[in-house]
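So that the names make sense, note that chain A is the first sequence line, chain B the second, and so on, each numbered from 1.
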Amino acid sequence: MNEFAAALLNWFDQSGRKHLPWQVRDAYRIWISEIMLQQTQVATVVPYYERFIQRFPNVNALAAAPLDEVLHLWTGLGYYARARNLHRTAQQLIAHHQGMMPKTLDEVQSLPGIGRSTAAAILALSYELPHAILDGNVKRVLTRYFGIHGPTSNKQIEAQLWQRAQQCTPTTRVANYTQAIMDLGALVCTRSKPLCHACPLATQCIANVQTLQSQLPTPRPKRTRPQREVYVAVISDESDAILLQQRPASGIWGGLWVCPQFDDAESCHTFIHSKVTNAKSLQKMPVIQHSFTHFDLTLRPYWAANAIARTVIADETGYCWYHPHRPAHIGLAKPVLDILKYLQIATSAIEVSDV
DNA sequence: GACTCGTGGTC
DNA sequence: TGACCAAGAGT
């Protein structure tokens with residue numbers, strides 16, 4: 001075994017994480033956790049993972065469930081395409097792989113929502129197959145250890161990192177090694193103020209020897225974030241039901257239910273007047289500011305409270321009335337949760353009525 | 001290859 | 001407090 005892996009594994013035996021909820025010999029649970037953990041911190045994932053596994057303990061349960069219920073359990077976690085892909089992959093596993101996770105990198109990687117790194121993680125953690133992962137933790141460890149300069153978004157830099165990652169991956173204790181290098185990145189080789197005194201690789205680490213920890217990995221070039229502004233029609237009827245509209249499958253909040261949104265206040269008001277008879281109840285709600293990774297969003301909600309609702313236009317698909325006091329499961333966007341919370345409307349039980 | 005996708009944490 | 005990032009992938 002190479003020196004890098006040997007030192008890392010020795011450290012893992014002493015200091016690694018061994019009791020995370022998904023650290024089991026179960027490819028299904030490992031797959032679910034790897035998807036949830038994409039671009040998402042461990043502490044955020046844990047409660048979502050527990051609820052998800054309790055409701056969908058195996059691939060059969062997940063494949064048989066309606067997509068809306070999967071999205072419901074994903075509400076608030078973000079990157080909702082992950083939930084849609086999870087559902088699609090479950091059905092593909094049933095249809096084409098006897099309900100089992102396949103054991104080759106190409107087969108796993110061809111499944112929806114699973115790229116090279118996630119496929120490698122599933123195979124390494126589930127089956128001890130020696131495939132290298134390359135997530136944010138590994139990139140940070142490797143750029144520092146090997147003194148690799150340049151943004152990791154650069155194709156050549158990334159290729160170099162994949163090569164190093166594969167070179168360091170041992171052929172035995174692969175699952176432990178995979179967990180070890182992630183743990184080192186998360187617990188020791190942190191972005192700021194890394195704990196080099198506690199690092200098993202410190203003496204051979206170029207960044208440590210040359211005091212370049214704060215400069216590696218090279219930060220990605222800056223980008224200015226565009227501003228978006230949306231006017232929101234929050235319409236509730238006398239039974240507190242809220243009018244919701246399902247967003248298209250792709251794009252922001254794909255497949256989720258939100259209050260109808262408009263680019264300008266006038267078309268928002270026109271819509272509200274077309275849906276209610278006593279629009280005098282129209283009032284402004286507090287503005288909701290969202291700061292996403294790639295843009296800033298301003299939501300300006302107008303609330304037509306206790307209005308006498310007209311029926312939803314029959315040929316206008318995608319509208320429903322949200323009944324807070326009846327059980328059902330639909331995916332809600334975070335701003336809708338905030339709005340309903342402000343209106344003191346429960347969100348634990350949801351029903352979608354026919355339009 | 002640049003852009004998009006969400007939310008919460010950190011400094 | 002705003003910039004930056006987190007068990008990345010799809011378009």
Atom-to-atom span, CG of A:Leu256 to P of B:dC5 - whole angstrom: 13 Å

Nucleotide nearest A:Gln38 (side chain, heavy atoms from C-beta), chosen from B:dG8, C:dA9, B:dG6: C:dA9

Can you identify which nucleotide, out of C:dA7, B:dC5, C:dA3, has its nearest atom closest to the A:Arg225 side chain? C:dA3

Rounded to the nearest Å, what distance is computed from the CH2 atom of residue A:Trp74 to the P atom of nucleotide B:dC5? 18 Å

What's the verdict on salt bridge (Lys or Arg N to Asp or Glu O under 4.0 Å) for A:Arg25 and A:Glu128, showing C-alpha distance, side-chain angles and the deciding distance? CA-CA 10 Å; A:Arg25 293 287 169 181; A:Glu128 296 280 350; 3.1 Å; yes

Indicate, with a heavy-atom threshold strictly under 4.0 Å, whether A:Ser153 touches base, sugar-phosphate, or nothing. nothing

Rounded to whole Å, please give me the gap between CD in A:Gln227 and P in C:dG2. 11 Å

With a 6.0 Å cut-off on the ring centroids, do A:Tyr79 and A:Tyr48 count as close? no

Looking only at side-chain atoms of A:Gln41, point me to the closest of C:dC4, B:dT7, B:dG9. B:dG9

Looking only at B:dT7, B:dC11, B:dG8, the nucleotide nearest the A:Thr44 side chain is B:dG8

Taking atom P in both C:dG2 and B:dC5, compute the distance separating them and give it to the nearest angstrom. 22 Å

Using only modelled atom types and a 3.5 angstrom limit, is any donor from either the side chain of A:Arg17 or the base of C:dA7 paired with an acceptor on the other? yes

Tell me whether the side-chain N or O atoms of A:Thr293 pair up with the base of B:dT7 as donor and acceptor below 3.5 Å, since no angle test is needed here. yes

P spacing across the pair C:dA7 / B:dT10, given as an integer number of angstrom: 13 Å

Indicate, yes or no, whether a donor-acceptor pair under 3.5 Å links the base of B:dC3 to the side chain of A:His294. no

Do A:Tyr49 and A:Trp22 have ring centres separated by under 6.0 Å? yes

About how many Å separate CG of A:Leu9 and CD1 of A:Ile181, when rounded to the nearest 0.5 Å? 10.0 Å

Winner on side-chain proximity to A:Thr118, out of B:dG6, C:dG8, B:dC11, is C:dG8

A:Leu134 CG - C:dA7 P separation (whole Å): 12 Å

I want to verify a distance call: between B:dT7, C:dA3, C:dA7, whose nearest atom is closest to the A:Trp253 side chain? B:dT7

Of the candidate nucleotides B:dG1, C:dA6, B:dG6, which contains the atom at the shortest distance from the side chain of A:Lys155? B:dG1

